[in-house]
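Read through the structure below, which is laid out as structure tokens, and then see the notes.
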Amino acid sequence: MPKKFHVSRLSYSILIGVMFTLPSCIWKYVTPTHNTPCFTGKKQFEGNIGLNLNGANLNLAYSPLNYLSLQVSGYSSLSSPFASVFNNQLEAGVGGYLPAKRTILGLTVGYGRGLTNWDRIWYSGDAYTPLENLQFRTEKYFIQHYAAYRWISHESFSGISGKINFMDNHYRKATYVYYEKVNYARQQFSYELTYFIKLKMTKKLYANFAWGMHFLNSDEAKSFDVHPIGQIGLNIKL
């Protein structure tokens, strides 16, 4: 490994900039963005903060030992000026990474919880489409796997990340077009697949890009809702 790629005993980076979430339609459940730390050794810390018009995202990761990664991620939506809508999610995980000359492989498993309140009137013409109110609490387990490739003097990264979410959603109330359901539970799962780039701009400045698809099994049928997801931002290493 070239000497110039070594980091100090404790180094970190903060993502500041704009994160764009690109849903194909308005939908109620948003997960934290993928936490893909490109660690090369122990005593490294990486932090990401992303903002958009509707919410904020936080990713933290630390490597106390070689090949070991501890991670925390969170997402919180901002209140709508027209209705009471929020989606707050927090998850933590432990994983491993395997750095090589040109590649970094990572695997993380973890647990998450969240609260969602959907109180926005919309009607697609489907009798099973929530009309105006949906409130639920989420508990989940997840598995994430990613692979990154180092290029441009080993100081920029590009890769693919996949994430499987196994969720237990405990609904307090769901108001549909023709009926209302209260106090029930539903098990769901989803798969997220993203491509990411961490491009070094200057000594301390990186540009970050990620885009992909989220496949969420629908509430009412044995099928998947497909939503594009993406983000762009700046990474400053201090």
Side-chain angles (χ1 to χ4, degrees), residues 7 10-23 27-39 43-64 68-80 85-95 97 104 106-117 136-146 148 157 159 161-165 167 190 192-199 204-212 214 216 227-238:
V7 296
L10 179 61
S11 64
Y12 61 95
S13 57
I14 302 175
L15 174 67
I16 57 176
V18 181
M19 177 179 64
F20 298 99
T21 302
L22 306 172
W27 62 309
K28 57 187 176 292
Y29 181 71
V30 179
T31 64
T33 56
H34 290 208
N35 198 340
T36 54
C38 293
F39 291 143
K43 304 298 183 181
Q44 296 182 33
F45 178 86
E46 188 174 303
N48 301 300
I49 299 175
L51 301 173
N52 64 14
L53 295 177
N54 297 318
N57 198 91
L58 172 68
N59 292 329
L60 300 174
Y62 178 63
S63 177
L68 177 65
S69 176
L70 306 178
Q71 301 179 18
V72 176
S73 299
Y75 175 84
S76 179
S77 65
L78 303 179
S79 297
S80 166
V85 179
F86 61 82
N87 178 17
N88 300 322
Q89 306 291 331
L90 182 65
E91 60 187 39
V94 59
Y97 63 92
I104 298 173
L107 179 67
T108 302
V109 296
Y111 172 78
R113 302 190 69 173
L115 291 172
T116 300
N117 185 73
F136 64 95
R137 173 173 53 89
T138 297
E139 293 184 85
K140 73 171 185 178
Y141 295 93
F142 70 89
I143 302 173
Q144 182 184 353
H145 51 95
Y146 62 92
F157 307 86
S161 176
K163 186 178 180 183
I164 305 173
N165 302 293
M167 300 174 289
S190 69
E192 306 170 53
L193 181 64
T194 62
Y195 174 74
F196 64 89
I197 295 177
K198 299 180 181 182
L199 179 63
K204 294 185 178 182
L205 182 66
Y206 288 75
N208 288 258
F209 307 91
W211 58 91
H214 188 172
L216 173 69
H227 307 273
I229 51 178
Q231 66 175 1
I232 181 173
L234 297 177
N235 188 92
I236 299 177
K237 181 174 288 188
L238 304 178

- Query: side chain to side chain contact (heavy atoms under 4.5 Å, CB included) with Arg137: which residues, sequence neighbours excluded?
  - Reply: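 If we apply the side chain to side chain contact (heavy atoms under 4.5 Å, CB included) test to Arg137, skipping adjacent residues, the hits are Arg113, Leu115, Glu139, His170.
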
- Message: Which residues pass the side chain to side chain contact (heavy atoms under 4.5 Å, CB included) test with Leu107, not counting sequence neighbours?
- Response: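 So Leu107 forms a side chain to side chain contact (heavy atoms under 4.5 Å, CB included) with Ile143, His145.
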
With a 4.5 Å heavy-atom cut-off, do [X] and [Y] have their side chains touching?
X: Leu58; Y: Val72; result: no
X: Phe196; Y: Phe209; result: no
X: Tyr111; Y: Lys140; result: no

- Query: What closest approach, in Å, do His34 and Ser161 show between heavy atoms, and which atom pair accounts for it?
  - Reply: ND1-OG, 2.8 Å

- Item | Taking every non-hydrogen atom, the tightest pair across Ser76 and Asn88 |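 Closest approach of Ser76 to Asn88, heavy atoms only: OG-OD1, 2.7 Å.
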
Quick check for you: to the nearest 0.5 Å, what is the distance between [X] atom [atom1] and [Y] atom [atom2]?
X: Gln89; Y: Ser73; atom1: CD; atom2: OG; result: 12.0 Å
X: Cys38; Y: Phe157; atom1: SG; atom2: CZ; result: 5.0 Å
X: Thr138; Y: Leu90; atom1: OG1; atom2: CG; result: 12.5 Å

- Task: Check step by step if side-chain contact (heavy atoms from CB on, under 4.5 Å) holds for Leu60 and Gln71.
- Result: CA-CA 6 Å; Leu60 300 174; Gln71 301 179 18; over 6 Å; no

- Trace of the side chain to side chain donor-acceptor pair (under 3.5 Å) decision for Tyr97 with Ser63: CA-CA 9 Å; Tyr97 63 92; Ser63 177; 2.7 Å; yes

- Using distance alone, with no hydrogens and no angle criterion, decide if His214 and Ser190 have a side-chain donor and acceptor under 3.5 Å apart.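 Short answer, yes.
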
- Task: Would you kindly say whether Thr33 and Asn59 are connected by a side-chain donor-acceptor distance under 3.5 Å?
- Result: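 There is such a pair between these side chains.
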
- Message: Could you walk me through whether Trp211 and Ile197 satisfy the side-chain contact (heavy atoms from CB on, under 4.5 Å) test, starting with their C-alpha distance in whole Å, then the side-chain angles of each, then the deciding distance to 0.1 Å, before giving a yes or no?
- Response: CA-CA 9 Å; Trp211 58 91; Ile197 295 177; 4.2 Å; yes

- Query: Which of parallel (below 30°), tilted (30 to 60°) and perpendicular (above 60°) describes Phe45 and Tyr62?
  - Reply: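 The arrangement is tilted - the two ring planes meet at 30° to 60°.
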
- After noting the C-alpha distance and the side-chain angles of Glu91 and Phe142, does the key distance pass the side-chain contact (heavy atoms from CB on, under 4.5 Å) rule? CA-CA 9 Å; Glu91 60 187 39; Phe142 70 89; 3.8 Å; yes

- Message: Please check: side-chain N/O of Thr108 versus main-chain N/O of Gly95, any donor-acceptor pairing under 3.5 Å?
- Response: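 Checking the backbone N and O of Gly95 against the side chain of Thr108, no donor-acceptor pair under 3.5 Å is found.
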
- Testing Asn165, Thr36, Val109 for side-chain contact (heavy atoms from CB on, under 4.5 Å) with Gln144, which one passes?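 Only match with Gln144 under side-chain contact (heavy atoms from CB on, under 4.5 Å): Thr36.
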
